[in-house]
Trainee: 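Handing you this structure, nothing more for now.
Numbering of ligands and ligand atoms starts at 1, following listing order. Values below: every heavy atom of this structure, side chains too, minus hydrogens, waters and symmetry copies. We number each residue from 1, following the sequence as shown.
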Amino acid sequence: MSGEGSTNEELKKLTKNDKYSILLPTYNERDNLPIIIWLIVKYMEKSQCAYEVIVIDDGSPDGTLEVAKELQKIYGEDKILLRPREKKLGLGTAYIHGIKHASGNFIVIMDADLSHHPKFIPKMIELQRYLDLDIVSGTRYIGDGGVYGWDFRRKLISRGANFITQLLLRPGASDLTGSFRLYKKDVLEKLIKSCVSKGYVFQMEMIIRARQFNYQIGEVPISFVDRVYGESKLGGSEIFQFVKSMLYLFATT
Ligand code: GDD
Ligand code: MN
């Protein structure tokens, strides 16, 4: 149903059963997890929306899962769900794994390393409700959005990937490789079924498929702050995968 033209009261009725499942894939995020979860809880409680946080840890050797268990004791088993996997199986499949266990009708996908600030989630929710959007994507490339702490190489990779993809595929969203997004759950499930790529490039394919399906996409400017603790898992092989997948998408969509 469309949110357009409805009053605040109507909107409240329409959204009163909404629940947000926030997926947090982790690999060696022991130092970041307590802070990110504390912030998520803070902003979700403030927004008065029902929510759950699903931590998908891939057998992190630094003991992330043990930290997650402690956090579960603090915030409760209904708020923090642990859905670990044995070993590092990649970001794309971590999302798929998480969604299977999600009880919300909306899914929020974000990084656990504090690059994505939870304060943007209520903004995404607000925009989604107002326009009844299928997807709200955080973007570093419009309005107040931006990137902080990246070196030239990393900025070049991100800008380059976005630029080439914009040029070849015209996806109708400004930040293709970003992974801070809100989806209607059924929309996300349908997109996942249609996606062929795994790993980092997954984000980009999802937005391109979304346009194919004519889903309504909105954007919220976000600031992306480079991680302070731990290191990025994006390496040369991921970049190679990205280029390969992009060419594949170019040829097939
Ligand atoms: N479970 C699981 N398994 N989690 C993973 C894995 C994995 O194999 N690999 C990475 N993660 C988790 C990290 O712990 C973190 O929470 C999140 O996924 C992102 O990983 P980073 O290693 O911090 O990624 P990044 O900072 O280099 O890349 C970010 O920015 C890119 C460009 O905008 C991510 O948001 C990418 O998705 C994005 O394309
Ligand atoms: Mn990161």
Trainee: Please could you name the atoms of ligand 1 that Arg140 approaches to less than 4.0 Å, counting only its heavy atoms?
Mentor: 32 (C), 33 (O)
Trainee: Would you confirm whether Ser158, through its side chain, and Lys155, through its main-chain N or O, come within 3.5 Å as a donor-acceptor pair?
Mentor: no
Trainee: Does ligand 1 have an atom that lies less than 4.0 angstrom from a heavy atom of Ser115?
Mentor: no
Trainee: Which ligand 1 atoms are under 4.0 Å away from a heavy-atom of Glu29?
Mentor: 13 (C), 14 (O), 15 (C), 16 (O)
Trainee: Just by distance, do the side chain of Ser21 and the backbone of Ala102 share a donor-acceptor pair under 3.5 Å?
Mentor: no
Trainee: Relative to the Mn ion (ligand 2), how many protein N, O or S atoms have a separation of less than 2.8 Å?
Mentor: 1
Trainee: With a 4.0 Å cut-off on N to O distance, would you call Glu9 and Lys13 a salt bridge?
Mentor: no
Trainee: Evaluate salt bridge (charged side-chain N to carboxylate O under 4.0 Å, His left out) for Lys184 paired with Asp132, printing each intermediate quantity in order.
Mentor: CA-CA 10 Å; Lys184 283 182 180 167; Asp132 192 27; 3.1 Å; yes
Trainee: N/O to N/O below 3.5 Å, does that happen between Ile56 and ligand 1?
Mentor: yes
Trainee: Which ligand 1 atoms are under 4.0 Å away from a heavy-atom of Ser179?
Mentor: 34 (C), 35 (O), 36 (C), 37 (O)
Trainee: Looking at Ser194 and Phe213, what are the two nearest heavy atoms and their distance?
Mentor: OG-CE1, 3.6 Å
Trainee: Could you list the atoms of ligand 1 found under 4.0 angstrom from a heavy atom of Ser232?
Mentor: 22 (O), 25 (P), 27 (O)
Trainee: Does a salt bridge link Arg227 with Asp113, judged by any charged N lying under 4.0 Å from a carboxylate O?
Mentor: yes
Trainee: Would you check whether Gly90 has a nitrogen or oxygen atom less than 3.5 angstrom from a nitrogen or oxygen atom of ligand 1?
Mentor: yes
Trainee: Should Ser158 be counted as touching ligand 1, given the test is an N or O pair under 3.5 Å?
Mentor: no
Trainee: Report yes or no: does Arg30 contribute a side-chain atom to a donor-acceptor pair with the main-chain N or O of Tyr27 at less than 3.5 Å?
Mentor: no
Trainee: I'd like to know if Lys79 and Glu52 make a salt bridge, using a cut-off of under 4.0 Å between side-chain N and carboxylate O.
Mentor: no
Trainee: Side chains of Arg181 and Thr139: any donor to acceptor distance under 3.5 Å?
Mentor: no
Trainee: Is it the side chain, the backbone, both or neither of Phe224 that has a heavy atom closer than 4.0 Å to ligand 1?
Mentor: side chain
Trainee: Decide, yes or no, whether a salt bridge links Lys73 with Glu70 under the criterion of side-chain N to carboxylate O below 4.0 Å.
Mentor: yes
Trainee: Below 3.5 angstrom, do we get any N/O pair linking Thr177 and ligand 1?
Mentor: yes
Trainee: Going by distance only, is there an N or O of His116 that falls short of 3.5 Å from an N or O of ligand 1?
Mentor: no
Trainee: With clusters defined by side-chain heavy atoms of hydrophobic residues (ILVMFWY) lying less than 4.5 Å apart, directly or transitively, does Ile99 cluster with Leu89?
Mentor: no
Trainee: For Arg227, counting its heavy atoms only, list the atoms of ligand 1 lying under 4.0 Å from any of them.
Mentor: 21 (P), 22 (O), 23 (O)
Trainee: Any link between Phe120 and Ile142 through a network of hydrophobic side chains (Ile, Leu, Val, Met, Phe, Trp, Tyr) touching at under 4.5 Å?
Mentor: no
